[in-house]
Trainee: 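Have a look at this one before I ask anything.
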Amino acid sequence: MTQDEMYEVCGTVERIVYRNEENEYTVLEIGLGDDTITAVGIMPMVYEGEELKLIGTFTSHSTYGQQLSVSAFERSVPTSVLGILKYLSGGAIKGIGPSTAARLVKEFGENTLEILENDPERVSRLKGISLEKAKSFSEQLKANTSIRELLAYLGAFGIDAQDAIALWKKFGSDTIQIIEDNPYFLCTEGSNISFETADIIANKKNFAPDSNVRIRAGLAYVLRHNRRSGHTCLPQDKLTSKTAEFLQVELVCVQSALEGMINDGTLVRDIFRDWEFIFLPDLYQSESYACARMKMLLRFPVAPMSNAKELIEDVEKRMGIAYAELQKEAIMQALQKGLLVLTGGPGTGKTTTLNAIISILKSKGQTVLLAAPTGRAAQRMSELTGCEAKTLHRLLEVQYTKDDRPEFKKNEMNMLNCDALIVDELSMVDSLLFESVLRALPLGCRIILVGDSDQLPSVGAGNVLADLVASQVIPVVALKEIFRQSQESLIVTNAHKIVGGVMPELTVKDNDFFFLPCSNPTQARDLIISLCSERLPRSYQLSPVSDIQVLCPGRKGILGTQELNVHLREALNPPSKKKDEITFNFQTYRTGDKVMQVKNNYNITWVKESTGEYGEGVFNGDIGIIQAIDKVSKRMQIKFDDRVAVYDSDCVSDLELSYACTVHKSQGNEFEAVVMPLIKNSPYLFYRNLLYTGVTRAKKLLIMVGNRETVEHMVNNNVRTLRYSGLRWMLERE
């Protein structure tokens, strides 16, 4: 058997070895005459006794031997008495165990399943089975039947079992009818089905290309697609023209459909400076609420501290610090008005200013809460302030709905218990999260929002920090003076040059910022590997795994994260008989590997090695080291700073190797040493605030490897990623 060759196997399910109830990943043994094989894959609602036709490839597992990795399957309900008995005894129907299954089969023989599904009254005549229980058996069988029909129906259009299960959980037993009526329900929010797939189904159902149903779905799809690029809205003319182009229909048809969607509330229109913008309803609500709450904070400020000037002088004496005028202005604003946006680049004294605010508020008996968007950012905030800081999601006590949407226990009905809230790294906070923070903010609470508006914006939709600053409505103090001790760092001074559109100093050889010229991508890759594995650890006594981070503009190419991770791992953590390995979803993980969590997961439990404290949650951007691998249980033990978490096969899909990561993914983190490959291959990735964000991730050492022309291009390219959002305009208008 060759590894990539597809095989078709037909047999009876002998035993269900394992099933994940969430995603229906199943391990089963299927009987082939006198022999059995193990099959693995997404096989929903398969039970012992069923006859299956499996299609897949054979793979060899180091522990479990040869397995069939299933890519598609067909099933047929058992018809023989023995098959039906095994099917019902195996747990296919809740409430039917082996003894009840035997009585049913004895009574109804080969017609057992048909009678169970369609004639519950007849089943209820058996002793010990009530009519209510019989109806439950019937409903379960009908559900099993409906999902089987859905799998076959969608399978014909190339939709896999996992996506089919998600649709069935969303729409239930009416899913096929819903799709028949409107195939474009398949590509609504929360579904993984592409618009192109929905188009194929609609075409087979004879939907006209310019049908109102298709155009309405296309408008919503274009808005959702742009939402993933960070936009909370789009200009109406841009939306209609792009949708007409995407659907290849007349513009007038799109304009007509749009008016219908606005009239029935499916989409929302607002006008900013005589320019019409279209929103998805939840994002419009989010920005509208944030605007209203911020204006309320301005209209009804907290009670000012009458002796603020004396309090500042007192904290200067206690800490032995003479604050700059802008720092004093920020502290005064926080004490007098209770609403402040504090911005500034590295070395400008944001942390010193924050510590003064915290110290004064606490000296007056006020409860101060600190939070940041990511785990690393919260940890760094704790280290710099000496106060506990939490992630925003943890602070708001997140919980997830059945369709994996976040909900927060802290809200208008259950507000945070604090007198002041300080949020750091606001540039990373998207519109929906900012709305949630404001909803949980108690009346009369001070709020200090801290960030660097020159860094990259949030991954999610919105432009919160930039909009607050640009509106000129919210009090903003921008710290600009680089303090003397920071002027000695070329990382700091070059970062400020980059922001100002000035070329950084690339020729200095005796500071913390180095430029190594190289124009050949392959040579640059080899140089980066040498720096990380030999030169920097030897010269600076740095750990090649925990202290040094390679930051790339993008994922693809010789100098992208995907290829660099392969080469860096082989150099920094080569295979060894002493190191266990395990493969999940075609990615092999090795003891000692450096990995990053790329999606918030609030269900993973961890324990702190230093205190024994338990908690939950590993967050997007958290970086850890694989400490141990258990091949039998398919679990990995990963250490994230002081926290040790256990990952099973369900959690691993949210991990990536992180010897190299993108600048976007590094936000909220700081590293002892950063190495940046800078040889331009895509004009879309090489712009000023991406360069600035990468440079400011380095604490002690930054090395650029590339050509001067790329650096110059990035410094001069200040065309930031344009984001359409409404918060600024909502704040500006009366």
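Note that the numbering runs from 1 along the sequence shown for the chain. Every heavy atom of this structure was used, including side-chain atoms; hydrogens, water molecules and symmetry mates were not.
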Trainee: Does NZ belonging to K295 count more than 12 external heavy atoms closer than 6.0 Å?
Mentor: yes

Trainee: Measure the SG-CD distance between C661 and E656 for me, rounded to the nearest 0.5 Å.
Mentor: 9.5 Å

Trainee: Going by an N to O cut-off under 4.0 Å, is there a salt bridge joining K317 and E313?
Mentor: no

Trainee: With sequence neighbours excluded, what pairs up with H496 under the ring-ring contact (aromatic ring centres under 6.0 Å, His included) test?
Mentor: none

Trainee: Can you confirm whether or not the ring centre of Y221 sits under 6.0 Å from the ring centre of F246?
Mentor: yes

Trainee: Please identify each residue that fulfils salt bridge (Lys or Arg N to Asp or Glu O under 4.0 Å) with R299, with sequence neighbours left out.
Mentor: none

Trainee: Does any N or O in the side chain of N263 come within less than 3.5 Å of the main-chain N or O of E259, such that one atom is a donor and the other an acceptor?
Mentor: yes

Trainee: Hey, what do you get for CD (E435) to CG (D430), rounding to the nearest 0.5 Å?
Mentor: 10.0 Å

Trainee: Counting only pairs under 3.5 Å, give me each side-chain donor-acceptor contact of residues 415-425, with atom names and distances, residues two or more places apart or in other chains.
Mentor:
unit_1 : atom_1 : unit_2 : atom_2 : d
D419   : OD2    : T367   : N      : 2.7
E425   : OE2    : R380   : NH2    : 2.5

Trainee: Keeping T374 on the side-chain end and A377 on the backbone end, is there a donor-acceptor pair under 3.5 Å?
Mentor: yes

Trainee: Between the side chains of S229 and R723, does any donor sit under 3.5 Å from an acceptor?
Mentor: no

Trainee: For the residue pair Y284 and D270, confirm or rule out a side-chain donor-acceptor distance under 3.5 Å.
Mentor: yes

Trainee: Between E672 and K700, is there a side-chain N and carboxylate O pair less than 4.0 Å apart?
Mentor: yes

Trainee: When you compare the side chains of Q255 and T240, does any donor N or O come within less than 3.5 Å of an acceptor on the partner?
Mentor: no

Trainee: Consider only side-chain N and O atoms of E388 and S382, and report whether a donor and an acceptor are under 3.5 Å apart.
Mentor: no

Trainee: Ignoring hydrogens and geometry, is there a side-chain-to-backbone donor-acceptor pair from R446 to A334 under 3.5 Å?
Mentor: yes

Trainee: Just wondering, more than 12 heavy atoms not from K497 lying within 6.0 Å of its NZ?
Mentor: yes

Trainee: Check for a donor-acceptor pair, side chain of N717 on one end and backbone N or O of F686 on the other, with a separation under 3.5 Å.
Mentor: yes

Trainee: May I ask you to decide if F272's main-chain N or O and R733's side chain share a donor-acceptor pair within less than 3.5 Å?
Mentor: no

Trainee: Distance only, no hydrogens: is a donor on one side chain within 3.5 Å (strictly under) of an acceptor on the other, for N355 and T385?
Mentor: no

Trainee: With a 4.0 Å cut-off, would you call R643 and E609 a salt bridge?
Mentor: no

Trainee: Take a 6.0 Å sphere around NZ of K350 and say whether it holds more than 12 heavy atoms from other residues, nucleotides or ligands.
Mentor: yes

Trainee: Using a 6.0 Å distance limit plus a 45 degree cone around the ring axis, check whether R269 lies over the aromatic ring of F277.
Mentor: no

Trainee: Would you please indicate yes or no on a ring centroid separation below 6.0 angstrom for F408 and H393?
Mentor: yes

Trainee: Going by atom types only, do D452 and Y692 share a side-chain donor-acceptor pair under 3.5 Å?
Mentor: yes

